[in-house]
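Worth knowing before you read on, the calculation uses all heavy atoms, side chains too, and leaves out hydrogens, waters and symmetry mates.
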Amino acid sequence: MKVEIWSDVVCPWCYLGSRRWAAALERFPHADQVETVWRAFELRTDAPKVQGVTLTDLMGRRGLPPEQVTTIFARIRGLGQEAGIDLRPGEVRPVNSFDAHRLLGLASGLGAGQAMADRLFRAYHSELLNIADHTVLAGLAADAGLPAGPVAELLAGDDRTAEVRAEEARAALVGVTAVPSFVLDGRPAVSGALDTDELLALLTDAWEADTARV
């Protein structure tokens with residue numbers, strides 16, 4: 001079974017979704033026959049490559065009342081604690097995620113997509129690193145076990161630019177308008193902050209449907 005997950009590194013719900021997906025797979029008896037493919041989706045295509053204001057300030061500038069921002073961030077932090085991850089939404093400084101998506105694509109091709117996704121999520125949401133900075137990305141790639149040569153070549157040029165743009169364009173074609181979104185074996189996209197039980201149910205239903213057709 002092929003499962004495509006559209007997500008953005010800078011999205012806390014995607015980080016939660018990644019952890020919940022991994023937990024669902026651990027409970028799925030046919031996990032060894034599931035291929036997870038990460039697809040690119042940029043929430044802020046105009047985000048800078050240099051860290052600026054915090055997300056708290058950014059949301060305030062967009063007109064959200066401070067008390068509403070506080071409530072939203074408190075909920076995100078609480079859900080992160082439940083999932084065993086440190087989410088710090090009020091402190092992150094949004095940056096462009098395009099090169100991170102290119103790097104994730106390279107990692108996926110080398111069989112290290114999940115490791116690279118995990119490292120990028122933690123770097124941005126927990127360590128508050130600038131995941132648009134090439135030096136930072138090279139270090140994160142090394143942490144995920146990627147070979148230095150291909151990473152340096154990717155970051156020095158525009159490799160995988162076309163692939164990222166194609167994934168973003170395809171998102172609309174398969175019904176992905178928000179992230180995280182899950183597409184199981186070409187079925188309609190399912191989006192939102194699904195919990196582990198809901199993701200496991202998706203897996204089970206898709207597996208049983210595929211098996212019934214054989």
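For the side chain to side chain contact (heavy atoms under 4.5 Å, CB included) test, residues two or more places apart in sequence or in another chain that qualify with A24 are T196, L199, L200, L203. Here D143 pairs with R119 under the salt bridge (charged side-chain N to carboxylate O under 4.0 Å, His left out) rule; sequence neighbours left out. Partners of D99 according to the salt bridge (charged side-chain N to carboxylate O under 4.0 Å, His left out) rule, which considers only residues two or more places apart in sequence or in another chain, are K49, R102. Legend: residues meeting ring-ring contact (aromatic ring centres under 6.0 Å, His included) with W21, ordered by chain and number and at least two apart, are F182.
Counting only heavy atoms from C-beta outward, the side chains of S97 and I131 approach each other to under 4.5 Å. N96 has its side chain within reach of E42: a pair of non-hydrogen atoms, C-beta onward, lies under 4.5 Å apart. L154 is listed as a side-chain neighbour of L103, based on a closest heavy-atom distance under 4.5 Å. Between V10 and P94, every side-chain heavy-atom pair lies at or beyond the 4.5 Å cut-off. R93 places none of its side-chain heavy atoms less than 4.5 Å from the side chain of L55. Residues Q114 and S18 have side chains in contact (heavy-atom distance under 4.5 Å, counting atoms from C-beta outward). Considering only heavy atoms from C-beta on, R20 stays 4.5 Å or farther from L194 through its side chain. Inter-residue side-chain proximity for Q51 and N130 is flagged as met; some heavy-atom pair is nearer than 4.5 Å.
Distance alone, capped at 3.5 Å, is enough to place a donor-acceptor pair between the D195 side chain and the E198 backbone. At least one donor-acceptor pair closer than 3.5 Å links the side chain of S126 to the backbone N or O of D86. Q81 places no side-chain N or O within 3.5 Å of a backbone atom of G78 that could act as its donor or acceptor partner. No donor-acceptor pair under 3.5 Å is formed between the side chain of D158 and the backbone N or O of T161.
Here CG of L104 is found 7.0 Å from OG of S7. Values are rounded to the nearest 0.5 Å.
Shown here is E127, whose CD atom has more than 12 heavy atoms of other residues, nucleotides or ligands within 6.0 Å.
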Go through R165 and E168 one step at a time and tell me if the salt bridge (charged side-chain N to carboxylate O under 4.0 Å, His left out) criterion holds.
-> CA-CA 5 Å; R165 292 304 184 209; E168 293 175 334; 2.8 Å; yes

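Residue pairs meeting the ring pair (Phe, Tyr, Trp, His ring centres under 6.0 Å) criterion with at least one partner in residues 110-157, sequence neighbours excluded, are Y15-F121, Y15-H125.
Look at R39 and E167 and you find a salt bridge, because one of the NZ, NE, NH1 or NH2 atoms lies within 4.0 Å of a carboxylate O, short of that distance.
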For residues 60-75, run the donor-acceptor check on the side chains, cut-off 3.5 Å, and write out each pair with its distance to 0.1 Å, sequence neighbours left out.
unit_1, atom_1, unit_2, atom_2, d
T70, OG1, P66, O, 3.0
T71, OG1, E67, O, 2.9

